[in-house]
Amino acid sequence: NRFIVIGAGILGASTAYHLAKTGAEVTVIDRKDKGQATDAAAGIVCPWISQRRNKAWYQLAKGGARFYPNLIQELENEGESNTGYARVGAISIHTDSKKLIEMEKRARKRREDAPEIGEIQLLSPSETKALFPLIADGYSSVHVSGAARVDGRALRNALLRSAERHGANIVHGDAELVLNGMKVIGAKTTDESFVGDTIIVTAGAWGSQLLKPLGVHFQVDFQKGQILHMNLKGLETDHWPVVMPPGSQYIVPFQKGKIVAGATHEKNTGFDLRVTAGSIQEILTQSLQFAPGLSNAEMIETRIGFRPFTPEFLPVLGPLPGYEGVLIANGLGASGLTMGPYLGFLLAKLALKEDIDIDLEAYSISGALGSM
Ligand code: FAD
């Protein structure tokens, strides 16, 4: 069986790895677009305390978080020392203790069928500061020990390297689908053509462009995210937890003083790769309010990524209706680093015609198809 994966963000990279591991013949074609969501994303894996109630979303997010430890172990066993993943825990901070008590309850309820949440603890302002010294005074928190941070870029690279070790062919290029009637039989770049039995399209925010020549209106839209990378030299930040303040912003510490803060959620921007003054102001205002200790941090870079969304804000996964030989997954939105590795594993199983234990109906591609 020959497989072609178009798009190598976290989703395509995981799909390719899981396919290649079985000994299948795999070609990955990626254009390395600037604005690849995976490349900009850093990286909270903590779906359990979200207030989002959609069951279909939660099933994938929970499954995604659960999937990580084994995958990381497997990659490490294969010699990958930099997977970008660390289970450092997270603190959800607030000044309103009622809100924290509700959050703690929610987390305890969810732990009943998600033991990977780990320990859940209400922390006082001084206990919170002991875990994350840069925090403003007066913030208590709920600490969740099973949460993790992940550097999307590092994990994508580790998956692609491992796929390559298992024989995958990784090609840099702009792919188009090749059709024979209503069957997709391959893909081509400007230089080369590839024949495949199943073509898997994991093209993120660019997914609709790729399907347009088929007369298919795939309604994948995207939100631009700007995210700041800072450095606090000399601080041992390796084991600091992820910080989730009220609102949509967060602060993610990495090794050797690196702190990532963001991100914006910008609609209707088109593929605009500019770093903009208003967005930087928004990120800095919020992060310095919650963590004034960041004011002396060195500004390193701002990354831009386009988070792919479907109209229902739910991932879609499965065969493209009306066509043979093509599988699609997309719409991972703001939680794609959490779900991506797991969804890639499921997608590989689908491609191999193996059973999967989730109800695909909830993530049907038809829901994201419009008329041309
Ligand atoms: P992408 O990573 O965008 O990859 C798509 C790839 O397809 C690209 O490389 C592109 O070049 C390629 N491609 C497209 N068309 C073609 C073609 N015709 N030929 C060849 N290649 C093609 N998620 C979390 O879980 N936790 C977080 O904390 C988090 N933070 C985030 C912060 C930011 C700023 C952003 C932007 C996202 C964040 N996310 C987070 C979301 C997550 O990053 C995305 O949902 C996920 O990376 C989407 O992955 P993907 O593989 O579907 O798409």
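Remember, it's 1-based here, ligands and their atoms both numbered in the order they're listed.
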Original post:
So which bit of Asn330 gets within less than 4.0 Å of ligand 1, heavy atoms only: side chain, backbone, both or neither?
Top reply: neither
**OP:** Test Phe222 against every option in Phe271, Trp206, Phe313 by the ring pair (Phe, Tyr, Trp, His ring centres under 6.0 Å) rule and name the one that passes.
**Re:** Phe271
**OP:** Considering heavy atoms of the protein only, find what lies nearest to atom 27 (C) of ligand 1 and give residue, atom and distance to 0.1 Å.
**Re:** Ile44 N, 3.5 Å
Original post:
Does Arg110 count as lying over the ring of Tyr58, i.e. NZ or CZ under 6.0 Å from the six-ring centre, within 45 degrees of the axis?
Top reply: yes
Subject >> From the candidates Ile29, Thr38, Val201, the one that places a heavy atom nearest atom 2 (O) of ligand 1 >> reply: Thr38
Subject >> Nearest non-hydrogen partners of Trp48 and Ala65, listed with the distance >> reply: CZ2-CB, 3.6 Å
**OP:** Counting heavy atoms only, name the option from Ala61, Ala8, Gly204, Ala263 that's nearest to atom 34 (C) of ligand 1.
**Re:** Ala263
Original post:
Quick one: which of Ala37, Ser208, Gly207 has a heavy atom closest to atom 48 (C) of ligand 1?
Top reply: Ala37
**OP:** For atom 41 (C) of ligand 1, grab the closest protein heavy atom and report residue, atom and distance to one decimal in Å.
**Re:** Gly333 O, 3.1 Å
Subject >> Heteroatom distance test (Arg307, ligand 1): nitrogen or oxygen, under 3.5 angstrom >> reply: no
Original post:
What's the shortest distance from atom 13 (N) of ligand 1 to any protein heavy atom, and which residue and atom give it?
Top reply: Asp33 OD2, 3.9 Å
Original post:
Given that the side chain starts at C-beta and the backbone is N, CA, C, O, which of these parts of Leu337 lies under 4.0 Å from ligand 1, counting heavy atoms, or is it both or neither?
Top reply: both
**OP:** Can you pull out the closest protein heavy atom to atom 19 (N) of ligand 1? Residue, atom name and distance to 0.1 Å, please.
**Re:** Ala175 N, 2.9 Å
Original post:
For atom 22 (C) of ligand 1, which of Gln36, Arg31, Lys224 has the closest heavy atom?
Top reply: Arg31
Original post:
Are Gly43 and ligand 1 in contact, using a heavy-atom cut-off of under 4.0 Å?
Top reply: yes
Original post:
Between Trp206 and ligand 1, is there a nitrogen or oxygen pair with a distance under 3.5 Å?
Top reply: no
Original post:
So is Ala334 in contact with ligand 1, going by heavy-atom distances below 4.0 Å?
Top reply: yes
Original post:
For Gly12, is at least one N or O under 3.5 Å away from an N or O on ligand 1?
Top reply: no
Subject >> Gly262 near ligand 1 by a heavy-atom separation under 4.0 Å >> reply: no
